Structure formats: C-alpha cells, structure tokens
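Take a look at the structure set out below.
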There are 2 protein chains.
Amino acid sequence: MKTYINPNQIDWKKISERPSITTDNLMPLVRKVFKEVEKDGDKAISKYTAKFDKVNLANFQVSENEIALACTKVADPLKKAIKIAANNIEIFHNTQIVNKEVVETTKGVFCWQESRPIERVGVYIPGGTAPLFSTVLMLGIPARIAGCEKVVLCTPPNKFGEIDPAILYAAQLVGITEIFKVGGIQAIASLTYGTATIPKVFKVFGPGNQYVTAAKQFAQQCGIAIDMPAGPSELLVMADEKSNLNFVAADLLSQAEHGEDSQVIALLSSETMIEQLSLAVETQINALARRDTASAALKNSRIIVLKDLNERIKFVNQYAPEHLIITEQEPETILCQITNAGSVFIGPFTPESAGDYASGTNHTLPTNGFSTTYSGVNVDAFVKKITVQKITENGIKNIGETIEVMAEAEQLQAHKNAVTIRLKNLKNEN
Amino acid sequence: MKTYINPNQIDWKKISERPSITTDNLMPLVRKVFKEVEKDGDKAISKYTAKFDKVNLANFQVSENEIALACTKVADPLKKAIKIAANNIEIFHNTQIVNKEVVETTKGVFCWQESRPIERVGVYIPGGTAPLFSTVLMLGIPARIAGCEKVVLCTPPNKFGEIDPAILYAAQLVGITEIFKVGGIQAIASLTYGTATIPKVFKVFGPGNQYVTAAKQFAQQCGIAIDMPAGPSELLVMADEKSNLNFVAADLLSQAEHGEDSQVIALLSSETMIEQLSLAVETQINALARRDTASAALKNSRIIVLKDLNERIKFVNQYAPEHLIITEQEPETILCQITNAGSVFIGPFTPESAGDYASGTNHTLPTNGFSTTYSGVNVDAFVKKITVQKITENGIKNIGETIEVMAEAEQLQAHKNAVTIRLKNLKNEN
C-alpha cells in the first residue's frame with residue numbers, strides 16, 4: 001500500500017484515482033451478440049452459451065425439479081444462515097415503503113404520489129468460482145417487497161450445465177421462479193429483447209464482470225434501465241489512535257480479496273499507526289486462501305494520514321467511497337458530515353462484511369465515485385412514483401387564472417384554453 | 001387522427017408506437033463538441049455559441065445586475081402567477097422529504113437510510129420562441145428542498161446575447177444564482193467537464209431538443225447522471241359517454257401544440273363519441289396560434305374505442321403515457337389499476353395544463369413508454385440515500401455466526417475473518 005503523510009489538498013484528486021477500467025474495447029463484441037440475440041433469439045443464446053460457457057443446453061430454464069433437488073443439497077447450517085439474513089434484509093427493506101400523502105396545495109387542488117412496482121425486472125447473478133447467493137437475496141427481496149410481477153433471474157451455468165444449489169435455494173426462498181442458465185453478454189441481451197424462452201424486462205439489476213458491465217451499458221442505450229454504473233469494489237476505513245488496528249486490517253483485507261482491481265484505503269489520524277497496521281495486514285494476509293488476489297488489490301490501495309479530522313471528512317467526501325467504516329471515536333458526529341458514501345459502518349463492532357450478508361442493508365452499492373450521485377439498491381429502485389392530482393370546481397376557479405397567465409407568457413395558447421373552457425363552463429352553469 | 005374501433009389486442013403494440021426519434025446521426029457532432037469543450041473549455045464554448053446561437057459573448061455568466069434588471073421587466077400579473085405556482089410546487093415537493101427510520105433488524109444491529117443532497121446539479125432550460133420559465137420552477141424548487149449546494153443553470157442566449165427576463169426572474173425566485181448563457185450540446189458538455197467559467201456537476205436535468213437529448217445521452221456515457229431519457233410530449237385521455245368532450249378536445253390540443261412530434265390519444269368507451277369529439281377538435285384548433293404545429297401532431301395521434309373498461313385500463317398500462325387524464329366516472333377506482341403513467345389527472349376539472357404550471361406537481365416526466373420504469377422528477381431525484389449500520393458487541397455476537405457461514409460458503413475467507421477476529425476479541429475480554 002502506498003503511504004501518504006498529510007498530502008496537500010491539491011494532490012487528493014490524484015490519490016483518489018481508481019484503477020482504470022474501460023469497456024470501450026468490448027463494445028464491438030457486445031453489439032454483435034445483442035444484434036444476434038435480437039434476430040435469432042434462443043438460437044443465439046445457445047450458440048454463445050456453447051462458446052463462452054462451454055456447454056450445450058437443450059433448455060435454459062431451470063425446472064421445478066432442479067430447484068427442489070438443489071434445496072436438498074444445501075447444508076442445513078447454510079440454509080439457516082440464509083434464512084436469518086433474508087429475514088433481516090426483509091425487515092430493513094420493509095421500512096423503505098413510502099405511504100401516500102395527499103396535500104391540498106391550494107383550496108380544491110389535491111396532489112399526491114403513488115408508488116407502483118416496475119412490472120418486469122431482471123436479476124443477474126454472476127458465476128465464477130464462488131456462488132453469489134447473497135446477491136440473490138439483496139435483489140430478490142426488495143423486488144418482492146416492491147411487488148414486481150415478474151422477476152427473471154439469469155446466471156451462467158457451469159460446464160456441466162448446472163447452477164450452484166445455494167443460488168437456487170436463495171431464489172426459491174425469495175420467490176423467484178423464472179430462472180435461466182444464461183450468463184454474460186447474451187444474458188443481458190436476452191433480458192433486453194426477450195426471446196421465445198426468456199422474457200423481456202424493463203430494468204436490469206446485478207453485478208458482473210467487464211462483459212456484463214459493458215452489456216448493461218449497451219442495454220441502457222437500447223432503452224433498458226439499469227441499477228447503476230458498475231465498478232470494482234472499494235472500502236475506506238477512518239481510524240484514529242484508539243481504533244483497533246487488527247480489526248482495521250481484517251476489514252481492509254475483506255475488501256481486498258474481492259478482486260485484483262479492488263481498492264482499499266486506510267485513512268488514519270496519525271503516522272504512529274502505520275507500522276502496527278502494516279504489520280497486522282501482513283500477518284493476516286498470509287493466512288488467506290485468496291492472498292494473491294488480496295496482495296494485488298493492495299497495490300492499488302493506500303494508507304493516508306491526515307491529522308485534522310475535518311480534513312479526513314473532506315477527503316472521504318471527495319473520494320466518495322462505496323463502503324465507509326468509521327472506527328474513530330464519536331462516529332455519529334462524523335457521520336453527520338459525511339455527504340458521499342454508499343454504505344457506512346460505524347463503531348468497532350460493525351465490520352463491512354455484516355452489510356455484505358446479514359445485517360439487513362443492501363450490498364449493491366455505487367462504486368467508482370458514483371456515491372456522489374447514486375443510492376445503493378433499495379425498494380425505491382424497484383418502483384416508480386406516479387403523481388396524481390384532482391382539482392374540484394372550486395379548485396380550478398382558485399388556480400385557473402394563474403395557469404392562464406403563465407401559459408400565455410409561454411405562448412402556449414391551447415394550454416390556456418384547457419382552463420378557460422372549464423372556467424366558462426362553470427360560469428354558464430351558475 | 002387515426003381511428004381504431006375495438007382493435008384486437010395483437011395490434012395494440014403497433015397502435016402504441018410513438019413517432020420514431022433517433023439521435024444516432026447526431027453522435028459524431030456531439031462527440032466533436034464534447035472533445036473540444038474538454039480540451040479548450042471556454043474557448044470552445046465561445047466558438048459554438050457564435051456558430052449555433054449567432055452571438056459573440058465576452059462573458060457567459062449572467063451578472064447580478066442583469067438579474068436585477070430582468071426582474072423589473074417582468075409584468076406584475078406574471079410575477080404574481082409565478083409566485084403562486086412556486087408556492088404550490090414547494091408545498092407538494094416538501095411532502096417528498098423522507099425522515100430517517102432506524103430499525104433493529106436483530107438485537108444489537110441497527111440499520112437506517114440517510115438522505116444527502118447531490119452536491120452539484122445542472123439545470124438546462126431550452127431557448128426557442130417561448131421562454132420556459134415554468135421548468136425553472138420545476139427543477140429549481142426540488143433542488144433547493146433537497147439542499148443541493150450548487151445549482152447551475154444553462155440556457156441559450158438570443159441573438160442579442162440576452163436571456164428572457166421571466167427565466168431570470170424565476171431563477172432568482174428559487175435561489176439559483178449561477179446562470180450561464182450557454183445552450184445546446186456545448187452547455188451539456190460544459191456541465192460534464194467544467195470550464196474556467198462553468199462548474200462541473202454530477203447530474204444534469206431538463207428538457208431540450210434532439211441535440212440536447214443526444215448530448216445528455218453522451219454525458220451519461222461520460223459518467224454524468226441524467227434525470228431520465230427524453231422524448232416528445234404525450235397525453236392519453238380516458239373518456240366515457242358522460243365525459244365533457246369539449247374539455248377532452250381542449251386537453252388533446254393543449255398537448256398537441258407542444259411540437260409536431262407530440263402524440264395525443266383519446267381512448268373512448270363508445271364509437272358514438274367520435275363525431276362530437278372530432279368536431280370539437282376541429283372547431284377549437286382553428287382558433288389556435290399554433291394550429292399548424294397542433295395539426296401536424298394530430299397526424300401522429302389516435303382515437304381508440306374500447307368498449308370494455310378493463311381493456312381500456314390494460315391499453316393505458318401497455319401504452320404507459322407521460323400524461324393521463326381520467327375523465328370517466330369513478331376515476332379513483334380506475335386509478336387503482338393504473339400501473340404505468342407519469343402523471344395522472346382525475347376528474348373533469350383537472351386539465352393537464354394545471355400540472356404543467358401551477359397545481360404543484362412536477363412537469364418533468366417520463367415519455368416514450370418510460371413511465372413503465374422511471375418516476376418523474378421529484379425531490380428523490382436530487383438526493384441519494386446512504387445506508388448506515390451500527391452493531392453493538394451483543395449485535396455481532398448475535399449475527400456473527402450467520403455472516404461466517406455465508407462468507408465461507410461464498411469462499412470469501414477474509415470476509416469471515418473480519419467477524420471472527422471481533423468475536424475472539426470479545427471472548428478474550430470476558
């Protein structure tokens with residue numbers, strides 16, 4: 001990890017740089033696969049599944065039998081853990097339902113918002129060495145709470161044409177029944193256009209590698225909404241002299257093991273902490289199975305010392321981390337001044353991995369500085385809000401003239417007429 | 001207007017087609033202007049303002065004097081109308097502030113969401129023949145309620161290098177002080193990259209012509225968020241035999257006058273209504289200053305008869321209109337079944353133009369079928385939500401094992417360690 005002692009503010013931007021990722025070079029391939037899926041549907045899905053996933057599948061849809069069988073294969077302790085996590089996620093996301101509030105802005109003019117689920121959503125779960133069943137919970141539960149009618153899950157098959165049982169178990173637990181063995185670009189393309197087998201959706205959620213990221217970007221250009229721009233995972237830990245540096249080291253490593261392009265930052269109040277922290281990282285990393293990945297990620301990572309608390313807060317806000325752990329004293333006071341972060345973990349006993357799995361918060365979060373602008377996934381992401389208004393006879397009498405004056409000033413006479421014709425009608429009736 | 005009597009459901013998709021718009025052909029120009037603005041900053045802005053707006057400006061920023069002078073030029077009745085509208089918009093959008101709600105998902109595990117304003121936002125107001133001061137209110141007021149620190153307004157100058165006084169009046173009324181005489185692609189590019197004069201922002205809001213739309217699409221690819229995909233304005237009116245068809249005609253025309261590519265749909269319960277409606281449209285259109293525009297828009301427009309109420313509701317949901325007027329009997333009952341619409345107007349005395357100006361709801365709404373997926377602009381669009389969690393010693397004891405089991409199953413050992421190290425620490429202390 002590169003170390004910076006009280007860096008000048010001019011250099012913060014440079015220090016905050018993420019490992020660069022570009023998907024531009026993948027776009028020709030993405031465009032090609034999308035075109036073929038649009039034209040040939042399932043045939044193109046078969047072709048690219050054979051090519052990229054090395055398996056020939058007669059049927060992409062996971063059957064009820066496969067789901068039932070998978071559920072018998074998941075060990076009981078894991079089932080229990082998944083259920084506890086699902087319950088916490090459900091409790092937390094249930095607080096995000098917004099009740100409608102009718103307001104009378106002018107006498108006789110009633111306005112409100114009503115929430116409606118996005119009817120059809122797609123959930124992408126990456127394959128790879130580890131089955132990310134936790135992401136199934138993180139996307140499936142808010143979708144169910146929102147009331148989405150159709151939740152379509154795509155995830156790549158392994159070379160035997162199978163899906164990890166834990167993914168299928170989590171899916172059935174949260175009520176997802178339409179599950180397809182399709183991964184990568186062809187999965188996102190099929191959700192964009194729909195095929196004979198795979199339904200078209202309006203919005204696509206979920207993480208993925210650079211191919212999936214590029215495909216989601218392209219889907220957006222085709223009029224499909226996406227959850228948020230994606231990037232490698234990040235963590236910033238704020239620590240002071242009283243922080244437990246063994247905990248800090250463990251937290252940094254938990255994020256570093258995600259991938260070689262992950263970035264972790266230790267933001268310390270004093271240089272005296274550097275040696276102990278470095279030693280703790282070194283000791284702990286050697287015991288890790290994924291130590292090579294973590295070591296590579298540490299090369300993108302930084303230890304930064306800023307003595308002044310206000311400077312530390314300022315740095316956090318301009319870095320805009322995906323995950324922020326505040327292990328300093330009085331974390332709540334610091335939190336009040338944090339403006340840019342995806343998810344914040346406060347106090348010594350709140351590891352970031354709690355939020356990844358089981359505390360109840362969502363782990364699908366904005367990376368790459370996008371926490372300046374985007375929220376993480378929540379129930380809001382699965383609904384849209386419709387505004388409604390109802391104006392009484394008195395109401396239109398009360399605001400009619402205001403509308404007429406403004407419409408005329410904007411030279412939109414027909415807009416004005418729509419009011420005038422109603423006011424005249426009311427006059428004639430009296 | 002093309003007329004369809006009880007069309008077969010198979011044909012609905014075809015009937016629902018919008019006038020096609022494509023911005024693909026503009027992308028080379030957009031890319032060129034963006035590149036130049038990124039490289040040359042204000043110099044490129046000057047160049048393109050001279051080229052596209054036919055005016056040479058030494059300074060793009062509107063001065064305090066110009067704003068003060070503009071305020072003296074706006075007629076008092078218009079000032080009064082703008083103030084009443086602003087007040088209603090403020091009342092309605094104030095209801096959209098969400099209070100934080102802390103939930104204990106497991107004993108000792110506290111989770112909540114906190115709202116934070118997006119620090120820097122850009123507001124684009126189109127130029128053209130009519131000054132769209134109402135859009136200044138619709139974007140400036142929720143930005144202020146959200147607490148955005150920097151709200152930057154760009155709008156094209158006329159050939160004398162001036163901005164319409166009503167726009168400047170509305171801007172100062174809602175507290176926008178950074179106003180720039182820059183329009184089109186170069187405005188969106190300057191908000192994307194920032195120049196010596198114009199600040200970079202994180203999210204860009206506002207309507208615009210096809211150049212602005214293409215520029216916003218490109219800005220999104222550069223990592224700038226946008227309010228929503230744009231398209232021509234639309235209105236669908238649901239009417240039955242008891243509806244006042246003169247009102248319906250006035251409402252259809254109010255939307256048709258927006259532009260030649262606007263689309264309006266009258267969805268009727270009976271063919272007996274067609275003649276009277278057509279006559280009312282014909283009579284009213286002749287009195288309009290913008291009758292040529294409205295006539296052209298009517299060519300893209302439709303009268304559709306569906307006798308069955310459930311079919312009408314189904315049609316609305318699959319069309320997903322920007323604006324929906326329900327003048328049928330018992331509109332509230334129908335509303336409950338509407339899943340896709342941007343803004344809904346219920347009852348005979350609720351013209352769509354009320355929502356355009358003064359009732360309090362926002363007029364920046366999803367078009368082109370995007371109300372399936374997107375909300376209109378509201379306070380939410382100017383904030384992002386940060387999740388926060390705090391776990392006590394007991395809390396981590398309660399959910400620690402769950403996290404460990406799940407992390408292990410996902411083969412993320414360092415995630416598990418971050419918990420284990422804390423649980424051990426607590427054991428050693430006792």
Side-chain angles (χ1 to χ4, degrees), chain A residues 77-78 81 84 88 91-92 95 101 103 105 109 111 116 118 130 202-203 225 250-251 253-254 257 288-289 339 341 343-344 346-347 349-351 353 357-361 372-375 384-391 393 396 399 402-403 405-406 409-411 413-415 417-418 421-422, chain B residues 77-78 81 84 88 91-92 95 101 103 105 109 111 116 118 130 202-203 225 250-251 253-254 257 288-289 339 341 343-344 346-347 349-351 353 357-361 372-375 384-391 393 396 399 402-403 405-406 409-411 413-415 417-418 421-422:
Chain A
L78 181 55
I84 292 171
N88 286 347
I91 292 171
F92 178 60
T95 65
E101 185 183 342
V103 63
T105 56
V109 179
C111 302
R116 293 288 189 274
I118 298 174
F202 298 138
K203 189 170 183 178
D251 292 329
L253 289 171
S254 77
E257 78 172 337
L288 293 182
T339 52
S343 197
V344 185
I346 62 182
F349 291 98
T350 316
S353 53
Y357 290 111
S359 60
T361 59
T372 53
T373 319
Y374 290 84
S375 308
K384 72 267 178 180
K385 285 176 191 144
I386 299 179
T387 48
V388 187
Q389 59 204 284
K390 182 172 188 173
I391 304 180
E393 297 186 7
I396 196 70
I399 61 160
T402 298
I403 302 166
V405 170
M406 290 176 79
E410 287 194 356
Q411 298 165 33
Q413 190 195 346
H415 281 65
N417 271 3
I421 199 170
R422 285 168 165 95
Chain B
L78 181 55
I84 292 171
N88 286 349
I91 291 171
F92 178 60
T95 65
E101 185 183 342
V103 62
T105 56
V109 179
C111 303
R116 294 286 189 277
I118 299 174
F202 298 137
K203 188 169 184 178
D251 291 331
L253 289 171
S254 77
E257 78 172 339
L288 293 183
T339 51
S343 199
V344 185
I346 62 182
F349 292 98
T350 315
S353 54
Y357 290 113
S359 60
T361 60
T372 52
T373 319
Y374 291 85
S375 308
K384 72 265 178 180
K385 285 175 191 145
I386 299 178
T387 48
V388 187
Q389 59 204 284
K390 182 174 188 173
I391 304 180
E393 296 186 7
I396 196 71
I399 61 161
T402 299
I403 302 166
V405 170
M406 291 175 78
E410 286 194 358
Q411 298 166 32
Q413 188 195 350
H415 281 66
N417 271 1
I421 199 170
R422 284 168 165 94

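In what follows, chains carry the letters A, B, and so on, assigned in the order in which the sequence lines appear, proteins first and then strands, with residues in each chain numbered from 1. The structure displayed is predicted, hence computed values, not measured ones.
At least one donor-acceptor pair closer than 3.5 Å links the side chain of B/E257 to the backbone N or O of A/A414. Remark: the backbone N or O of A/S353 is not paired with any side-chain donor or acceptor of B/H415 at under 3.5 angstrom. Not one N or O on the side chain of B/T105 forms a donor-acceptor pair closer than 3.5 Å with the backbone of A/N88. Within the 3.5 Å criterion, the main-chain N or O of A/S359 finds no donor-acceptor partner in the side chain of B/Q389. Using a distance-only test at 3.5 Å, with no hydrogens or angles considered, a donor-acceptor pair links the side chain of A/K384 to the main chain of B/T339.
For A/K390, the salt bridge (charged side-chain N to carboxylate O under 4.0 Å, His left out) criterion is met by B/E332, not counting sequence neighbours. For B/F202, there are no ring pair (Phe, Tyr, Trp, His ring centres under 6.0 Å) partners, not counting sequence neighbours.
Annotation: maximal heavy-atom pairing with chain A below 4.5 Å, among B/P77, B/A358, B/A409, occurs at B/A409. Among A/G347, A/A250, A/S343, the residue with the largest count of heavy-atom pairs under 4.5 Å with chain B is A/S343. Annotation: maximal heavy-atom pairing with chain A below 4.5 Å, among B/T372, B/I396, B/N417, occurs at B/T372. Taking chain B as the reference chain and counting heavy-atom pairs below 4.5 Å, the highest number among A/I91, A/I421, A/T387, A/I403 is found for A/T387. No other option in B/P351, B/A418, B/G360 has as many heavy-atom pairs under 4.5 Å with chain A as B/P351. For chain B, the option among A/I346, A/I118, A/I84 with the highest count of heavy-atom pairs below 4.5 Å is A/I346. With chain A as partner, the option from B/L253, B/I399, B/T373, B/L78 having the largest number of non-hydrogen pairs under 4.5 angstrom is B/T373. Counting heavy-atom pairs under 4.5 Å between each of B/R116, B/E410, B/K385, B/E393 and chain A puts B/E410 at the top.
The contact between A/V405 and chain B is made by backbone and side chain atoms together, counting heavy-atom distances below 4.5 Å. Only the side chain of A/V109 comes within contact range of chain B, with at least one heavy atom under 4.5 Å from a heavy atom of that chain.
Across every non-hydrogen atom of A/I391 and B/F349, the tightest pair is CB-O, 3.3 Å.
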